[in-house]
Amino acid sequence: MRPQVVRATRLVGRRFNSSSSSSSSSSSSPLNNPNVQKAVEGAQKAYNQTAATVKKVAGPLGERVGSALGGYREPLVYNSKVVASVAKQVWQAEKLSPPLDTAVWARAYSQIWSRASNLGYWRDLLKTGAWAGLGVAPTITVDKDELYRRLEREYTTHEFDELCFDFGVELDEDTTKDVEEARAKGLPTPPPQLKIEIPANRYDLLCLEGLARSLRIFLQKEQPPTYTLSVPDKLQEVYVEASTSPLRPYFASAILRLSRPMNQLEYESFIDLQDKLHQNLCRQRKFVAIGTHDLDTIEGPFRYMCKDPKKIKFAPLNKDQEYTAEELMGVYETDRHLGRYLNIIRDAPAYPIIYDSKDRVLSMPPIINSQHSKIIAGKTKNIFIDTTATDKTKLDIVINMISTMFAEYTEIPFTIEPVKIIMPDGSSHLSPPLAPRPTTASSSYINAATGLTHTREEICTLLTRMSLTASPSTSDADALDVQVPPTRPDILHECDIMEDAAIAYGFNNLPQSMPTTNTVAKAFPVNRLGDLIRKECAMAGWIEALPLILCSHDENFAWLNRPDPGHYAIHLANPKSLEYQVVRTSLLPGMLKTVRENKALALPMKIFECSDVAIQDPKSERQSKNYRRLCAVYMDKKSGFEVTHGLLDRVMQVLGVPFLEKRESSGKYGYYIASSEDPTYLPGRAASVYYRPKPNVQPTEPTPSGPSSEGPLSTIASTLKSALPSSAEEGIPWSRDIIIGSLGILHPTVLNNFELTRPCSSLEIDVEPLL
């Protein structure tokens, strides 16, 4: 069924326009505009014409792209090229404000249609491979006859679809009917193919060999193979030089000595697996790059180094002319396939390169292999595989996948010749790391999670069907000893083993029963309190915003005129950008960014958020702790301090917390505000919110203002404080008072940091102490 653009646009229209935040506002939905509805209806009508244009101009390349997309082809073409483009262009044209102007919609839609009807636009899109970045799950295309030959049975489409479902993959399409129709018309057509969607973490199923092998094991037609390393007379060596450290420091290798040269079908499967890994696990070759070579054309030992691109010269794959590495950047700049990888090393002072003992180039990772060592279907019998990487874990997975998937063609099946890798520090190791990873699983856990009552031996049989080697433990009556093969890096935890046992048994066959316990679910008190506060704020006329929990370090501290006390905020180890460096310790930065992105809206603007911040906490199990807070920001021509103060009073009134005029008030329970100095606010225009808990009630600690110190002096002080009579015992009620937040008029420098020109007042308090 054709996807509906109306639903997607409705969802977009519900969002407040902000690059890093969102809020709900039904009045600003674009669907309220009848002209918008007409534009949406026009987009739906235009789809058929657009699809016809694509089919007309794409040719065979379009068919290949469509084959790769499988069942996602139509919704992707429609939603991504029409819906997303409409929303994006309108939002940009309106400067991130809700688009209500008919002219803006008409202009944006005309731009989209001009592209959709332009033959060159679709040719460029398909040729550049831009469709590959749309986030489609891996889909492989296999020869139907060859797969059924390996499975030793002919399946109907329905039968094979059921087999795929039982195994945990999905049959997208069987092209048999299309092939028969084309042949009846006398048109040239490839053999019938099956298009199968593979789980993103099952790299061992990305080729015909791996899929057929796993299905045969699942059908109990063969046992899981044991992958071993051979003992060659002469061990090939690769020397990794220190110059590679800044760019791609890791290297792995393997050698496949085939019993016969690969035929064309096997060769294409070999190359296609490399492409699938490059696009998926290797992240467009940024993490790992794979090179394959005819070992009979090169000689070891090999050297992996980084070298001045002007001094690197070789004939690249499928070219007879030699180029320097610097010249190759220009040669492949317009190449639809290799051009996307150039930026990985283009700006580096030295490029990675692999030489053999006679200084012949094998490859220049991650860009191109050498023509000299090219693999030829029907001729190459000994294959040398090189992989370079920036990530050691992904490197091991990739080299294991490439070598094991095609190890069935070696002289001794499933035996791979190792390569000795010598690192710059003199250490060495053998590659690939084929040793199975030992782990354990509880049979009682597997039975409890699946509802089965199997013995350990029966569970081991189920796991064997999923290519895992398992046996009952001799030291624990409940445990299973499981050997995870190098082809299953997706097995990370005991729950993965349990899932495999359930798949082998059959999800449809699992017993169904009523739960043995009867419980009534209820919300956590802090969530119930948060929902109550959110409801009251909304009823008071404030709009809820939902910013991101990550922000930059400056936004969290310097832009609020607050120093970083150190060991306070949770830092990301490898932030993708400067905009997302720390987990917020205050809700205020997100509120001010939301105001900034929506400052074109009518005044006054009143927004709030009731959500969590996170602080480092060495005493906690996870070394961090969440605190629920309420933050509100008011922007108008005047600061509106009394408005935020009024929101505070309303929240406290609803929660039944009485107002105390001042600290000296004799009330035993309530809240009050007192002037304070806070660099975030204007001098003399800031106040701290104090909360006096009920007697004999220990409130939840508010968000700390800095890292806790547990030194000897603080320990002595706390000991003395607990031993001596407290001021509370002397009848002073304010000794129990705690600061739960602050409110005030924001300082001009804070407003300037967030590009705001109107005065603003804000409120931020902890809500957990109010429980």
Side-chain angles (χ1 to χ4, degrees), residues 202-214 217 224-232 235-238 250-262 266-278 280-282 285 287-296 298 300 302 304 354 362-363 365-366 369 373 375 377 380-389 391-421 429-437 467 483-491:
R202 288 299 302 270
Y203 313 115
D204 58 317
L205 305 179
L206 290 176
C207 61
L208 170 65
E209 289 75 8
L211 178 64
R213 187 183 311 155
S214 296
I217 296 171
T226 300
Y227 303 96
T228 59
L229 296 176
S230 64
V231 183
L235 192 64
Q236 294 287 356
E237 297 178 342
V238 177
Y250 301 112
F251 188 95
S253 186
I255 295 174
L256 297 178
R257 298 200 178 270
L258 309 180
S259 59
R260 57 170 178 77
M262 289 183 180
E266 295 163 349
Y267 172 76
E268 290 175 357
S269 179
F270 187 57
I271 298 301
D272 188 58
L273 175 61
Q274 296 177 51
D275 289 339
K276 287 288 193 299
L277 290 173
H278 277 151
N280 188 357
L281 178 64
C282 303
R285 304 190 188 183
F287 292 153
V288 187
I290 309 165
T292 54
H293 314 274
D294 187 339
L295 183 60
D296 296 331
I298 51 181
F302 305 97
Y304 171 50
I354 304 174
L362 277 68
S363 68
N369 291 341
S373 58
I375 293 178
T380 301
K381 192 175 178 182
N382 299 310
I383 300 176
F384 179 83
I385 305 170
D386 74 73
T387 52
T388 61
D391 186 298
K392 182 65 167 60
T393 301
K394 289 181 171 59
L395 176 75
D396 291 341
I397 295 174
V398 169
I399 190 62
N400 282 341
M401 288 300 135
I402 288 291
S403 56
T404 57
M405 290 301 99
F406 293 86
E408 64 184 61
Y409 300 131
T410 55
E411 294 174 343
I412 302 176
F414 307 113
T415 300
I416 301 165
E417 183 176 324
V419 177
K420 185 177 182 180
I421 311 298
H429 61 274
L430 292 181
S431 175
L434 294 182
R437 176 171 56 87
S467 302
Q483 298 291 325
V484 181
T487 56
R488 294 296 307 275
D490 59 297
I491 303 295

Going through the checks in order, is the side chain to side chain contact (heavy atoms under 4.5 Å, CB included) test met by Leu208 and Glu266? CA-CA 9 Å; Leu208 170 65; Glu266 295 163 349; over 6 Å; no

With sequence neighbours left out, the residues meeting ring-ring contact (aromatic ring centres under 6.0 Å, His included) with Tyr304 are Phe251

Sorted by chain and number, sequence neighbours left out, side chain to side chain donor-acceptor pair (under 3.5 Å) with Asp275 holds for none

dist Asp386:CG -> Ile255:CD1 (nearest 0.5 Å) comes out at 11.5 Å

Sequence neighbours excluded, the answer for ring-ring contact (aromatic ring centres under 6.0 Å, His included) partners of Phe414 is Tyr227

On a heavy-atom basis, the closest approach of Ile383 and Met262 is CD1-CE, 3.9 Å

Would you check if the side chain of Ser431 reaches a backbone N or O of Ser253 as a donor-acceptor pair within less than 3.5 Å?
yes

Separation between CG (Leu281) and NZ (Lys276), nearest 0.5 Å, reads 14.0 Å

Does any part of the side chain of Asp204, heavy atoms only, come nearer than 4.5 Å to the side chain of Pro489, both counted from C-beta? no

Salt bridge (Lys or Arg N to Asp or Glu O under 4.0 Å) filter on Arg257, not counting sequence neighbours, yields Glu417

Minimal heavy-atom distance between Leu256 and Ser403, with the atoms involved, is CD2-O, 3.6 Å

Smallest heavy-atom separation, Leu273 atom then Met401 atom, equals CD2-O, 4.2 Å

So CG of Asn382 and OG1 of Thr410: to nearest 0.5 Å the spacing works out to 11.0 Å

Practice problem: Can you establish whether the number of heavy atoms outside Ile271 located under 6.0 Å from its atom CD1 is more than 12? | Solution: yes

**Asked** Can you check side chain to side chain contact (heavy atoms under 4.5 Å, CB included) on Ile402 and Thr387, steps first, answer last?
**Response** CA-CA 10 Å; Ile402 288 291; Thr387 52; 5.7 Å; no

Residues His293 and Leu362: closest non-hydrogen pair is CE1-O, 3.0 Å

Problem - Candidate pair Arg488 and Arg202, rule side chain to side chain contact (heavy atoms under 4.5 Å, CB included), full reasoning - result: CA-CA 7 Å; Arg488 294 296 307 275; Arg202 288 299 302 270; 3.6 Å; yes

The residue among Lys381, Glu209, Arg260 that forms side-chain hydrogen bond (donor to acceptor under 3.5 Å, both in side chains) with Tyr409 is Glu209

Closest non-hydrogen atoms of Glu411 and Leu258, given as atom of the first, atom of the second and distance, are CG-O, 3.6 Å

Rounded to the nearest 0.5 angstrom, the CD1-CG distance for Ile397 and Asp490 is 9.0 Å

**Asked** Is it true that a side-chain atom of Thr228 and a backbone atom of Thr415 form a donor plus acceptor pair closer than 3.5 Å?
**Response** no

Those residues at least two apart in sequence (or on a different chain) that pass ring-ring contact (aromatic ring centres under 6.0 Å, His included) with Phe406 are Phe270

- [ ] Evaluate the criterion side chain to side chain contact (heavy atoms under 4.5 Å, CB included) for residue pair Ile412 and Ser230; output intermediate values, then yes/no.
- [x] CA-CA 9 Å; Ile412 302 176; Ser230 64; over 6 Å; no

In short, Asn369 meets Gly291 closest at the heavy-atom pair OD1-CA, 3.7 Å

d(Thr404 OG1, Tyr203 OH) to nearest 0.5 Å is 13.5 Å

Arg213 meets the salt bridge (Lys or Arg N to Asp or Glu O under 4.0 Å) criterion, sequence neighbours left out, with Glu408

Legend entry - Minimum side-chain heavy-atom gap Asn400-Pro485 below 4.5 Å: no

Check whether any side-chain heavy atom of Leu235 sits under 4.5 Å from a side-chain heavy atom of Pro418, and report yes or no.
yes

Value for CD1 (Ile399) from CD1 (Ile416), rounded to nearest 0.5 Å, stands at 8.5 Å

Result for side-chain hydrogen bond (donor to acceptor under 3.5 Å, both in side chains) between Thr380 and one of Thr292, Asp296, Asp294 points to Asp294

